Amino acid sequence: MNKIGIIGDADSVLGFKAFGLDAYACLSKEEAAATLHRIVKDDYGIIFITERYFKELDDEIAKYVDLRIPAIVAIPGSDGSYGIGLSNVKRAVEKAVGADILFGDE
């Protein structure tokens, strides 16, 4: 069975342990990148990354975008949302259906 993990700053991720997720609190972009590469190899099905680190690790995440597993998903952190998660959903829907059916003329 695949595991679920979350990478981000301590304030953002530690509460997720109560839900059974493996939480990885990181202090730097480099630590977050090393954690990402390590857990991708460790049977994780879903990896949530706070938007701050998701933005900083764009090149690292791109290495895994074509893999079926793990799904790497941006979520807002304790510092709020940068809109990255919503933007990724919008792009995925456009790719799947060929048009922007979610936001139309916005």
Side-chain angles (χ1 to χ4, degrees):
M1 175 185 252
N2 292 350
K3 299 180 272 187
I4 301 173
I6 180 166
I7 299 171
D9 62 279
D11 290 338
S12 299
V13 304
L14 292 181
F16 286 91
K17 281 188 172 191
F19 297 108
L21 278 69
D22 294 336
Y24 297 94
C26 299
L27 298 174
S28 67
K29 170 187 173 181
E30 294 76 22
E31 184 180 2
T35 300
L36 173 65
H37 296 308
R38 186 177 73 249
I39 69 175
V40 161
K41 298 174 186 174
D42 195 22
D43 200 30
Y44 279 79
I46 302 171
I47 300 171
F48 294 106
I49 303 178
T50 57
E51 287 182 331
R52 175 181 149 217
Y53 283 126
F54 196 93
K55 183 171 100 174
E56 292 177 358
L57 299 177
D58 191 44
D59 292 338
E60 303 300 318
I61 292 167
K63 296 175 183 177
Y64 306 110
V65 76
D66 291 331
L67 298 178
R68 188 177 72 80
I69 294 177
I72 301 175
V73 181
I75 61 169
S78 62
D79 55 347
S81 176
Y82 299 162
I84 296 169
L86 185 58
S87 175
N88 288 346
V89 169
K90 182 178 186 252
R91 261 196 322 268
V93 169
E94 287 176 359
K95 182 178 177 183
V97 297
D100 181 6
I101 63 171
L102 294 178
F103 302 103
D105 296 299
E106 288 184 26

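Predicted model only: the values in this text are computed from it and were never measured.
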Item to check | 4.5 Å side-chain heavy-atom contact, I47 and I39 | outcome: yes
Checklist entry - Would a 4.5 Å heavy-atom cut-off, applied to side chains only, mark C26 and D9 as touching? => result no
Checklist entry - Between OG of S12 and CZ of F48, what distance do you get to the nearest 0.5 Å? => result 14.0 Å
Item to check | Pairs satisfying ring-ring contact (aromatic ring centres under 6.0 Å, His included), at least one member in residues 12-46, at least two apart | outcome: H37-Y64
Checklist entry - Does V13 belong to the same Ile/Leu/Val/Met/Phe/Trp/Tyr cluster as V73, with side-chain heavy atoms less than 4.5 Å apart forming each link? => result yes
Item to check | Criterion side chain to side chain contact (heavy atoms under 4.5 Å, CB included) on I49 and I75, from CA distance to verdict | outcome: CA-CA 6 Å; I49 303 178; I75 61 169; over 6 Å; no
Checklist entry - So, for A74 and E51, which heavy atoms are closest and what is the spacing to 0.1 Å? => result CB-CG, 4.1 Å
Checklist entry - Should T50 and I7 count as side-chain neighbours, where that means a heavy-atom distance under 4.5 Å? => result no
Next on the checklist: I want to check something: taking the side chain as every heavy atom from C-beta on, are I61 and L36 in contact at a cut-off of under 4.5 Å?
Outcome noted: yes
Next on the checklist: Using 0.5 Å steps for rounding, measure from the CG atom of L14 to the CD1 atom of I6.
Outcome noted: 9.5 Å
Next on the checklist: Test of understanding: clusters of I, L, V, M, F, W, Y form through side-chain heavy atoms closer than 4.5 Å, transitively. Do I69 and I4 belong to the same one?
Outcome noted: no
Next on the checklist: Ignoring hydrogens, what is the shortest heavy-atom contact between E60 and A33? Give both atom names and the distance.
Outcome noted: CG-CB, 4.2 Å
Next on the checklist: Please list all pairs meeting salt bridge (charged side-chain N to carboxylate O under 4.0 Å, His left out) that have one or both residues in residues 14-42, counting only residues at least two apart or in different chains.
Outcome noted: K3-D42
Checklist entry - Does any non-hydrogen side-chain atom of V65 lie less than 4.5 Å from one of I72? => result no
